[in-house]
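First comes the structure, then the notes that go with it.
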There are 2 protein chains.
Amino acid sequence: MFSKATEYALRATIYISQKSSVEKKLSLTEIAEAIDSPPSFTAKILQLLTKDNCVIHSVRGPNGGFYITEKDKHLPLKKILEAVNENDLFDKCILGLKKCSETKPCPLHFQYKPIKQELIHLFQTNTIQDLSEKADNESLFINNAI
Amino acid sequence: MFSKATEYALRATIYISQKSSVEKKLSLTEIAEAIDSPPSFTAKILQLLTKDNCVIHSVRGPNGGFYITEKDKHLPLKKILEAVNENDLFDKCILGLKKCSETKPCPLHFQYKPIKQELIHLFQTNTIQDLSEKADNESLFINNAI
DNA sequence: TTAATTAAGGACAAAAATACCTTTAATTAG
DNA sequence: CTAATTAAAGGTATTTTTGTCCTTAATTAA
Ligand code: FES
Ligand code: FES
């Protein structure tokens with residue numbers, strides 16, 4: 001479904017939302033450990049998420065790290081997909097035609113359309129906070145721990 | 001969503017189902033042109049689909065080519081995904097955890113689950129024939145023609 | 001100011017996916 | 001049988017994705 005980059009971006013943002021604040025920033029090392037991802041690659045992805053402060057923030061130096069503001073916790077998950085350039089999933093044809101369109105539909109178009117709509121809905125209505133709260137309250141996981 | 005290989009496999013099989021019969025086999029060249037795919041790469045994918053005659057059949061030599069039997073047209077699309085080893089989409093965690101499970105669910109698991117079920121349903125209930133008939137009767141496309 | 005810490009940024013490496021090409025085997029027509 | 005045709009099979013090349021490493025910049029504390 002998603003690329004590794006996107007999966008790490010989603011898991012990392014959820015973790016940052018759970019554990020960080022302006023006063024308590026999280027280091028790359030802590031984040032990568034918490035979400036079971038390769039640290040160096042994760043660094044690149046976090047850079048995308050901090051670009052233009054679009055989703056998360058970062059500070060260098062001692063006690064620096066990554067954090068998210070209360071305001072940004074209300075961003076929809078879709079924002080994360082945009083940040084890592086995987087937003088186009090929702091425009092794509094399931095059979096790989098260059099354009100998914102109503103006027104030149106593929107044989108699966110009309111059956112896939114409602115499913116695609118639900119996927120879009122899922123990523124547009126759920127905020128970062130929704131997921132991190134859920135993960136806090138219920139017994140949910142963002143790593144492969146035993 | 002799917003890899004290029006899977007997209008080509010689906011489009012190729014639909015085309016073969018539309019145009020071929022035991023008497024009228026289709027050459028690699030014709031198929032690749034019809035579905036807008038790179039011929040050499042398509043050859044590899046068709047090999048996977050002919051392996052053990054799992055979805056389509058092939059004959060070498062003059063007037064040889066690829067075809068599908070009436071019986072095999074009743075196979076579900078899922079069979080094509082299995083042939084190209086992309087069947088695991090339906091077991092995967094949307095956040096990339098190693099196991100998608102009810103006992104160790106990710107924060108999106110319970111919302112993604114019904115969508116995943118609909119996807120599975122789509123590929124299990126639709127047969128190859130269903131799609132090729134639809135493409136015949138309605139105005140549906142399996143290439144990028146203008 | 002200096003040393004320590006932490007992310008940013010760029011170059012590089014490995015792996016996987018995609019695509020191509022050449023040779024071989026099967027089949028058919030003449 | 002021979003030549004032509006077509007897929008099978010294998011190797012190779014290219015591109016994209018994934019992952020690493022090293023240097024630089026920013027920040028902090030002493
Ligand atoms: S044209 Fe294929 S999904 Fe819309
Ligand atoms: S555990 Fe993530 S989708 Fe099931």
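Because the structure is predicted, anything quoted here is derived from the model rather than measured. Numbers restart at 1 for each chain; the letters A, B, ... are given by sequence-line order, proteins then strands.
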Checklist entry - Considering residues, nucleotides and ligands other than B/K24, do more than 12 of their heavy atoms fall under 6.0 Å from its NZ? => result yes
Checklist entry - Within the structure shown, what part of the strands sits under 4.0 Å from B/I31 by heavy-atom distance: base, sugar-phosphate, or nothing? => result nothing
Checklist entry - Is the count of non-hydrogen atoms from other residues, nucleotides or ligands lying under 6.0 Å from A/K79 atom NZ greater than 12? => result no
Next on the checklist: From C-beta outward on A/S40, which listed nucleotide comes closest to its side chain: C/dA19, C/dT28, D/dC21?
Outcome noted: D/dC21
Checklist outcome for this item: From CZ of B/R60 across to C1' of C/dT24 the rounded distance in Å is 8 Å
Checklist outcome for this item: Rounded to whole Å, CG of A/L46 lies from P of C/dT6 at a distance of 15 Å
Item to check | B/H57 NE2 - C/dT27 C1' separation (whole Å) | outcome: 18 Å
Checklist entry - With a 4.0 Å cut-off on heavy atoms, is B/K44 in touch with a base, just the backbone sugar-phosphate, or nothing at all? => result base
Item to check | Distance, rounded to the nearest Å, where A/N63 contributes CG and C/dA7 contributes P | outcome: 11 Å
Item to check | Options C/dA7, D/dG19, D/dA7, nucleotide nearest the side-chain atoms of B/S27 | outcome: D/dA7
Checklist entry - Are A/E23 and A/S21 close enough that a side-chain donor and a side-chain acceptor fall under 3.5 Å? => result yes
Checklist entry - Can a side chain N or O of B/Q47 be found less than 4.0 Å away from OP1 or OP2 on D/dA7? => result no
Checklist entry - D/dT6 phosphate, OP1 or OP2: any side-chain N/O from B/S58 under 4.0 angstrom? => result no
Checklist outcome for this item: note: A/I56, atom CD1; C/dA7, atom P; distance rounded to Å ~ 10 Å
Checklist entry - Should B/Y8 be listed as having a side-chain N or O under 4.0 Å from OP1 or OP2 of C/dT18? => result no
Next on the checklist: Do B/K25 and B/Y67 form a cation-pi contact, if we require the NZ or CZ to be under 6.0 Å from the six-membered ring centre and within 45 degrees of the ring's axis?
Outcome noted: yes
Item to check | Between B/T42 and B/S37: side-chain donor-acceptor atoms closer than 3.5 Å | outcome: yes
Checklist entry - Roughly how many Å is it from CZ in A/F41 to P in C/dA16, rounded to a whole number? => result 14 Å
Checklist entry - Reckon B/T29 has a side-chain N or O less than 4.0 Å from the OP1 or OP2 of D/dT6? => result no
Next on the checklist: Nearest to the A/P38 side chain among D/dT20, C/dA25, C/dA29, which nucleotide is it?
Outcome noted: D/dT20
Checklist entry - Got B/K92 and B/K116 here, is their nearest side-chain heavy-atom distance under 4.5 Å? => result no
Checklist entry - Over how many whole Å does the gap from B/Y67 atom OH to C/dT27 atom P extend? => result 11 Å
Checklist outcome for this item: Applying the 3.5 Å cut-off to both distances, the Watson-Crick or G-U partner of C/dA4 turns out to be D/dT27
Item to check | A/K4 or B/P62, whichever maps to the more 5' nucleotide of DNA chain D | outcome: B/P62
Next on the checklist: Does C/dA8 have OP1 or OP2 under 4.0 Å away from a side-chain N or O of A/T50?
Outcome noted: yes
Checklist entry - Within this structure, what is the CD1-to-P distance between B/I45 and C/dC20, rounded to whole angstrom? => result 11 Å
Checklist entry - Taking for each residue the nucleotide of DNA chain C with the nearest heavy atom, is it A/L28 or B/P39 whose nucleotide lies nearer the 5' end? => result A/L28
Checklist entry - Among C/dA29, D/dT18, D/dA8, which is the nearest nucleotide to the side chain of A/A5? => result D/dT18
